[in-house]
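Below is one structure; the comments refer to it alone.
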Amino acid sequence: MTEQNVPAVDPAEDLPEQMRVRRSKRDRLLAEGVEPYPVGFERTATLAEIRAKYADLATDSASGDTVGITGRVIFVRNGGKLCFATLRDGDGTELQAMLSLDQVGAEALEQWKRLVDLGDLVGITGEVITSRRGELSVLAGSWTMTAKALRPLPVAHRPLSEETRVRQRYVDLIVRPQAREMVRTRATAVRSLRESLFARNYLEVETPMLQLLHGGATARPFVTHSNALDIDLYLRIAPELFLKRAVVGGIERVFEINRNFRNEGMDSTHSPEFAMLEAYQAYADYNVMQQQVREWIQEAADATAGSHIVTHFDGTELDLGGEWRSVTLFGSLSEALGEEVTVRTDLASLQRYAEKHDLSVDPKWGPGKLAEELFEHLVQHTLQQPTFVRDYPEETTPLTRAHRTEPGLTEKWDLYVLGFELATAYSELVDPVVQRERLVAQSLLAAGGDAEAMQLDEDFLRAMEYGMPPAGGMGMGIDRLLMALTGLGIRETILFPLVRPE
RNA sequence: GCGCCGCUAGCUCAACUGGCAGAGCAGCGGACUCUUAAUCCGCGGGUUGUAGGUUCAAGUCCUACGCGGCGCACCA
């Protein structure tokens, strides 16, 4: 280690070498009277605009046009009197900047070589030209540091570890085009859903996330506390009970796209906070919702992929076009078992099938629950193409309207794709007397039979007693829609997923 | 909650059966006016996740803990 090779940094600072070097470059900028974080930069064109406008500029020629561009330095190729840098700006477009001794001058060129690192944000003002090799470039007349990066960029050509991608998404976004693409795809899909619903005269509302009682689904909630009211509140597990209140009030087509919170396990298809579309339509039923959901998803595929055939990031294709397969729960189960089973098949027979297929059975399960477990064990993972699975046992769906022709069943479907549940819909139960009976039973169950611990949403029941029109209702996981469109895990579809503290 | 696998330089990864911690990129010094993950010469960079233990000797073996991944369970 010779004295000359030691960068002028404070050795007392306990930082990695590269961070000390960058801090010292920031100091040098300040010492030379250059602001490392100036208030702005006069950008006259985005890199994409320049690429579009000068796409036909001949090799080794000059346009005569001067522009101001900005971007993050992602590659540097410095020579003695001529430097090249690849800049990338917000939409991911890259463009080459050139700094030559005769154009930018000795001092500016020297500063560039001495003070600019990979990852810095810079502004370049100069002429649009093409290099001798034909690369579209901006030949700098001047350059400006717009934000000095104090941390080194990770290697651009090797993938970040999955953990770093999730924990430091900002870095992931900088280095990985796919990460930026995911953000755009998600925004496009959500926008498409809103437009699909607006086009069908649905109104978008926002209902409480802080709730006195949590309802509308079966899940463990997060608990929080209001200081003003001095009461505990729940983060909602579903918006359902408020959206139904809106339908009672005459908002006949209503939807909400927002977050739900469930205090349960996290895995590749479950996130504690997840975005959900829930929609209700008066005088519709689960058949109507089935048609609509298919259309909304196909419209989202069109918006994001330009086709009903979506290409996943691993290159595989998923065809979301046309009519989708529609089966019944018991029909699909019968097919998988090779034996006819219905909602009337007795428990002992179902237990024999379970044993035959190595499914361990909880003795508390009734025949309906066991049939659903068999479905999940045998059928669910086979449903890669979008498939509606219809008509669930009353036993497992007590809050759903009874099937209009099939005793013992309810009018509910689940939509499966890639082996996971993407959406669900119901012909809603709107009889307030039956609704109360079922809710009381559910609440008692949740409270372990303790009537004192039972939580019943009396206000919701009061609303229902004013009369809710017959309605179809649906819910779809937004994150899961993005999983279907991209083939990625749920944590890749969420920009900043919850992670344990480092 | 249980089991298995992993955690090594800024990043991505090597290091055989316990025997001097390495590479590529990045960084630092130098050369280069047409490069494209530039090239060439030279150099530095480590509390091997944390805390203990075994051993002459631990990245490597043992124990506990932390974080991550996968599977199971829970959960819809």
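Lettering of chains follows the sequences in order, A, B, ..., and the numbering in each one begins at 1. Note that the structure is a prediction, hence the values are computed from the model and not measured.
- When distances are taken from the side chain of A/Gln96 to each of B/C75, B/A37, B/U36, the shortest belongs to B/U36.
- Base contact: A/Asn78 has a heavy atom under 4.0 Å from a base atom.
- In this structure B/C65 sits in a base pair with B/G49, meeting the Watson-Crick or G-U test at under 3.5 Å.
- With rounding to whole Å, A/Arg22 atom CZ is found 7 Å from B/G27 atom P.
- Using the Watson-Crick or G-U wobble rule with both distances under 3.5 Å, B/U36 pairs with nothing in any strand shown.
- No contact: A/Arg165 has no heavy atom under 4.0 Å from any strand.
- Partners of A/Glu163 according to the salt bridge (Lys or Arg N to Asp or Glu O under 4.0 Å) rule, which considers only residues two or more places apart in sequence or in another chain, are A/Arg167.
- An OP1 or OP2 oxygen of B/G68 is reached within less than 4.0 angstrom by a side-chain nitrogen or oxygen of A/Arg167.
- For B/G42, the paired nucleotide is B/C28, the pair qualifying as Watson-Crick or G-U wobble because both relevant distances are below 3.5 Å.
- Residue A/Arg77 has its side chain nearest to B/U36 when only B/U36, B/G69, B/C28 are considered.
- B/G3 is paired with B/C70 under the criterion used here, namely a Watson-Crick or G-U wobble arrangement in which both key atom distances are under 3.5 Å.
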Pairs under 3.5 Å (N/O, protein and nucleotides 4-11 of chain B):
| from | atom 1 | to | atom 2 | distance (Å) |
| --- | --- | --- | --- | --- |
| B/G10 | N9 | A/Gln18 | NE2 | 3.3 |
| B/G10 | N7 | A/Gln18 | NE2 | 3.3 |

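- Donor-acceptor pairing under 3.5 Å is recorded for the side chains of A/Thr397 and A/Thr410.
- Minimum atom distance to the side chain of A/Phe75 is reached by B/A38, of the listed B/A38, B/A26, B/U33.
- Using a 4.0 Å heavy-atom distance criterion, A/Arg114 is classed as making no nucleic acid contact.
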Which donor-acceptor pairs under 3.5 Å do side chains of residues 89-96 of chain A form with protein atoms, sequence neighbours excluded?
| from | atom 1 | to | atom 2 | distance (Å) |
| --- | --- | --- | --- | --- |
| A/Asp89 | OD2 | A/Leu47 | N | 2.9 |
| A/Asp91 | OD1 | A/Thr93 | N | 2.9 |
| A/Asp91 | OD1 | A/Thr93 | OG1 | 2.7 |
| A/Asp91 | OD2 | A/Thr93 | OG1 | 3.2 |
| A/Glu94 | OE2 | A/Arg88 | NH1 | 2.9 |
| A/Gln96 | OE1 | A/Arg77 | NH2 | 2.8 |
| A/Gln96 | NE2 | A/Ser137 | OG | 3.0 |

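- The pairing partner recorded for B/A9 is none, the criterion being a Watson-Crick or G-U wobble arrangement whose two distances lie under 3.5 angstrom.
- As the counterpart of B/C56, B/G19 is assigned, both hydrogen-bonding distances of the Watson-Crick or G-U wobble pattern falling under 3.5 Å.
- Residue A/Asp362 contributes atom CG, which lies 9 Å from atom P of B/C75 at whole-angstrom precision.
- Residue A/Val166 is classed as having no contact, given no heavy-atom separation below 4.0 Å to the nucleic acid.
- Using a 4.0 Å heavy-atom cutoff across all strands shown, A/Arg220 reaches no nucleic acid atom at all.
- Checking the phosphate oxygens (OP1, OP2) of B/U33, no side-chain nitrogen or oxygen of A/Lys113 falls inside 4.0 Å.
- When rounded to the nearest whole Å, the span between CZ of A/Phe84 and P of B/C34 equals 7 Å.
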